[in-house]
Amino acid sequence: MSKTSGGGRELLVIGVFAAIVLLLPFWLPLLGGYEALATKIVIWALFALGFDILLGFTGFLSFGHAAFFGTAAYTTGLMLKHVSADIIPALAVSVSLTLVLAIVLGFLTLRRSGIYFSILTLAFGEMLYAAVLSIFQGWTGGDNGLTMSTKPTLLGLPMQGLNVFYVCAVLLIGGFALARQIKRSPFGLMLMSIKENPMRLEYTGVNVMAYKMMAFTISGLYAAVAGSLMVVYEPYVATEFMHWTTSGEIVIMSVIGGVNTLLGPMIGAAFMLFFENVVQAFIGEQWKLILGAIFVLVVIFLPGGFIDLARRVRKAMGHMVPSRRDNVPDAPGSMREDRQKGRRADAQLGGR
């Protein structure tokens, strides 16, 4: 495949994605949703997209991403309340502060992997949550959360209704395009190599810690932007934004949708929010029980999430579905042929 055709396909994917997102407030009500839900879905989709860069690319499961989401939310709320109603300074300060926090937490937690990394992120997240309720309660409002009467604006434009949605949608589309470029770049391939065998990379002289830090930081910045937009969407900062349950929700969204697919976690976010805000009205208080059952079934029978389900349906319908290779992009034809020749040669040598 030539670079030109590859670039054209990439533009087509991003274009289709942009059309679906931008038209979300118009087709979501046809499914029983509403305009404000569309904005919330876009914000959480951005959060899930950034989380997939860490979990999907490098395999590091964080239970502390609420720390980035909540820190940015509180910083944005304080900026809007005490400094300026314009969201640009609030976004700039909140993202900058979260960047520092991500670097510090990454330096402290990425020295461990697996369950130890997960527990460390959970511990630091809960420490920040406790600080919000105690040490910083004079600023954060403690258990009551941070309330404000400020109406956010963007260069004088009131951030209400569809104005908020389109700002969030543009940032999500930009974030999606950036994430796809990261995944297709040498940097993204290096992250996925770390997921497979970090020790082998260290033996070859690669600074694995630096790559892990960059993935952790980028993922934290996505969470920061999402947390800031949540306050722009609804000028109130709830204490749950910093709680571990927020981190748990983003993990569930990612797993349900399909990790390491970029689209999957966003689909999972949309599904969970739609289930919570629309389907709940029909099934009542048992919605959490049903959602939990769906999660269990997905983990057991569809470890690849909804994306895997779509692939299986396409295959059952007779469509040619290429085998998924998580860590290596499709190679050019010549490289593919050389690899096949090498395999045949190895098989012949093994048969002697």
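- By the rule that hydrophobic residues join a cluster once side-chain heavy atoms approach within less than 4.5 Å of another member, Y116 and L54 end up as members of separate clusters.
- With hydrogens and angles disregarded, a donor-acceptor distance shorter than 3.5 Å links the side chain of W27 to the backbone of I20.
- By the salt bridge (Lys or Arg N to Asp or Glu O under 4.0 Å) test, R200 is found to be paired with no residue, residues two or more places apart in sequence or in another chain being considered.
- The hydrophobic cluster containing Y236, built from Ile/Leu/Val/Met/Phe/Trp/Tyr side-chain heavy atoms closer than 4.5 Å, comprises no other residue.
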_Determine whether M242 and V237 satisfy the following criterion, side chain to side chain contact (heavy atoms under 4.5 Å, CB included), listing intermediate values before the conclusion._
CA-CA 10 Å; M242 291 285 287; V237 184; over 6 Å; no
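- For the atom pair I218 CD1 and L178 CG, the distance stands at 7.0 Å (nearest 0.5 Å).
- With rounding to the nearest 0.5 angstrom, the CE atom of M199 is 7.0 Å from the CD atom of E202.
- Grouping the Ile, Leu, Val, Met, Phe, Trp and Tyr side chains by contacts below 4.5 angstrom, directly or via other members, places L12 with V21.
- We find the CG-OG distance between L221 and S96 to be 9.0 Å, quoted to the nearest 0.5 Å.
- When the side-chain hydrogen bond (donor to acceptor under 3.5 Å, both in side chains) test is applied to W287, the partners found at least two apart in sequence or on another chain are Q280.
- Note that CZ of R180 is 4.0 Å distant from CD of E10, once rounded to the nearest 0.5 Å.
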List the atom pairs, donor and acceptor, that lie under 3.5 Å between side-chain atoms in residues 97-108 and the rest of the protein, sequence neighbours left out.
{"residue": "T98", "atom": "OG1", "partner": "S94", "partner atom": "O", "Å": "2.7"}

Can you give each donor-acceptor pair under 3.5 Å made by side-chain atoms of residues 144-173, sequence neighbours left out, with the distance rounded to 0.1 Å?
{"residue": "T150", "atom": "OG1", "partner": "L80", "partner atom": "O", "Å": "3.2"}
{"residue": "N163", "atom": "ND2", "partner": "P158", "partner atom": "O", "Å": "3.0"}

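- Checking F216, F241, F51 one by one against F68, the ring pair (Phe, Tyr, Trp, His ring centres under 6.0 Å) holds for a single residue, F216.
- In terms of the side chain to side chain contact (heavy atoms under 4.5 Å, CB included) criterion, S134 has no residue partners (sequence neighbours excluded).
- For T39, the side-chain hydrogen bond (donor to acceptor under 3.5 Å, both in side chains) criterion is met by no residue, not counting sequence neighbours.
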For residues 121-132, which side-chain N or O atoms pair as donor and acceptor with protein atoms under 3.5 Å away, sequence neighbours left out?
{"residue": "T121", "atom": "OG1", "partner": "F63", "partner atom": "N", "Å": "3.1"}
{"residue": "T121", "atom": "OG1", "partner": "F117", "partner atom": "O", "Å": "3.3"}
{"residue": "T121", "atom": "OG1", "partner": "S118", "partner atom": "O", "Å": "2.7"}
{"residue": "E126", "atom": "OE2", "partner": "W244", "partner atom": "N", "Å": "3.2"}

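- With hydrogens and angles ignored, the 3.5 Å screen pairs a side-chain donor or acceptor of Y222 with a backbone N or O of G175.
- When hydrophobic side chains of Ile, Leu, Val, Met, Phe, Trp and Tyr are connected at separations under 4.5 Å, L289 ends up as a singleton with no cluster partners.
- With values rounded to the nearest 0.5 angstrom, I294 atom CD1 is found 4.0 Å from F271 atom CZ.
- To the nearest 0.5 Å, the span separating CD1 on I41 from CG on L46 amounts to 14.0 Å.
- The hydrophobic clustering, which links ILVMFWY residues whose side-chain heavy atoms are closer than 4.5 Å, places V231 and V83 apart.
- At least one donor-acceptor pair under 3.5 Å links the side chain of T246 to the backbone N or O of E240.
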*Please walk me through it: do N260 and M192 pass side chain to side chain contact (heavy atoms under 4.5 Å, CB included)?*
CA-CA 9 Å; N260 196 22; M192 288 182 274; 4.1 Å; yes
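- Residues satisfying the side-chain hydrogen bond (donor to acceptor under 3.5 Å, both in side chains) criterion with R111, sequence neighbours excluded, are absent altogether.
- The hydrophobic cluster containing F136, built from Ile/Leu/Val/Met/Phe/Trp/Tyr side-chain heavy atoms closer than 4.5 Å, also comprises I135.
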*Please assess L262 against F17 for the test side chain to side chain contact (heavy atoms under 4.5 Å, CB included), listing each intermediate value before the final yes or no.*
CA-CA 12 Å; L262 296 182; F17 176 79; over 6 Å; no
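- Counting only distance, with no hydrogens or angles, the side chain of D52 and the backbone of T261 share a donor-acceptor pair below 3.5 Å.
- With side-chain heavy atoms closer than 4.5 Å counting as contact, directly or through intermediates, the hydrophobic cluster containing V296 also holds L297, I300, F301.
- No side-chain donor-acceptor contact under 3.5 Å links T217 to the backbone of M214.
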